[in-house]
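Owing to the predicted nature of the structure, the values given are computational and were not obtained by experimental measurement. Sequence positions, counted from 1, serve as the residue numbers for this chain.
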Amino acid sequence: MKFSLIAVLVVALAIGSNISVHVPGSESASLVKRDAPAELDKIAKYFQDLVDNLKNVEGPELVSKANAYLEQSRAQFQPMVEKLQEQLKPLSSNIEEQIKPLAASVQAQVAPLAGMVQTHVEDVLKFMADKTKEILPPQ
C-alpha cells in the first residue's frame, strides 16, 4: 500500500514536471503535463481531502477514520496506478535497453582492475606472512 502511494506520487511528480527523455538512436519519449491532468487532479484532491480529514479528527478516532479513508481510496487509485504503469512501460524498457550496454561496459572495464587488486592483496598477504615467519622464534 505504501509502495503504491509512493509510486503514484513519483509518477505524478514526473508527469507534472514535464520530463522529456531523449535516448540516442531512438525517438524522444515525452511525458507532458497535459497527458494526465485528470489523474493529477484526483491525486491532489485525495491528499487535500486526507489533510482536511486529519485536521478534524483526534485520538483513536483518527486511526479508524484514516484506515477507512485509505481503503475507500485504494479502490479509486488502483485503476489510475495501473494506467500510469502501462504508460510508463515503454519508457522503462527504453531506459533498461540503454542501461544494459552501459552496465556491460562498466563490468568489462572493472574486471581487469578487480583482478589487479586481488593480485596485490595476495602479494601483501604473502609478504606479511613471510615477515611474520621471520619475526617469530624458530620452533
Side-chain angles (χ1 to χ4, degrees):
M1 172 66 182
K2 290 179 184 178
F3 178 73
S4 297
L5 287 176
I6 292 171
V8 169
L9 284 174
V10 168
V11 169
L13 290 173
I15 291 172
S17 63
N18 293 333
I19 293 176
S20 178
V21 176
H22 177 71
V23 179
S26 68
E27 298 178 11
S28 292
S30 176
L31 296 176
V32 183
K33 190 174 186 176
R34 66 179 173 268
D35 289 346
E39 285 84 5
L40 291 177
D41 290 341
K42 287 179 185 178
I43 292 168
K45 184 180 181 323
Y46 167 77
F47 284 107
Q48 185 59 47
D49 290 347
L50 180 63
V51 169
D52 292 342
N53 284 339
L54 292 178
K55 287 179 183 177
N56 298 328
V57 180
E58 294 180 12
E61 186 182 344
L62 174 66
V63 173
S64 63
K65 281 202 172 201
N67 285 334
Y69 191 75
L70 289 174
E71 289 300 320
Q72 291 172 354
S73 300
R74 183 183 307 208
Q76 294 173 351
F77 279 115
Q78 192 63 33
M80 279 193 303
V81 169
E82 291 171 4
K83 182 179 177 182
L84 290 172
Q85 286 175 341
E86 287 298 319
Q87 291 175 349
L88 291 175
K89 276 185 183 178
L91 180 63
S92 66
S93 64
N94 196 1
I95 290 171
E96 184 178 339
E97 289 172 8
Q98 294 300 314
I99 289 177
K100 281 183 181 180
L102 178 63
S105 172
V106 168
Q107 186 176 13
Q109 292 175 4
V110 170
L113 296 174
M116 287 175 30
V117 168
Q118 182 177 358
T119 303
H120 288 299
V121 168
E122 289 171 355
D123 290 345
V124 167
L125 290 175
K126 184 177 183 258
F127 175 77
M128 290 176 61
D130 292 344
K131 289 299 178 181
T132 304
K133 287 177 185 176
E134 290 177 10
I135 295 172
L136 291 175
Q139 293 181 358

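Ionic pairing of Glu86 and Lys83 is not present here: no N-O contact between side-chain nitrogen and carboxylate oxygen is shorter than 4.0 angstrom. One finds no salt bridge joining Asp41 and Lys45 here, because no Lys/Arg side-chain nitrogen approaches an Asp/Glu carboxylate oxygen to under 4.0 Å. Between Glu122 and Lys126 there is no salt bridge, since none of the side-chain N atoms of the basic residue sits less than 4.0 Å from a carboxylate O of the acidic one.
Distance check, rounded to the nearest 0.5 Å: CD of Gln76 to NZ of Lys42 gives 8.0 Å. Ser105 OG to Ile99 CD1: the interatomic distance, rounded to the nearest 0.5 Å, is 13.5 Å. For the atom pair CG (Leu84) and CD (Glu82), the distance works out to 10.5 Å, reported to the nearest 0.5 Å. To the nearest 0.5 Å, atom OG of residue Ser92 and atom CD of residue Glu97 are 9.5 Å apart.
The aromatic rings of Tyr69 and Tyr46 lie parallel to each other, with less than 30° between the two planes, well short of the 60° mark.
Between Phe127 and Asp123 the shortest side-chain heavy-atom distance does not fall below 4.5 Å.
Placement of Val117 and Leu125 within a single hydrophobic cluster is found when ILVMFWY residues are connected by side-chain heavy-atom separations under 4.5 Å, directly or transitively.
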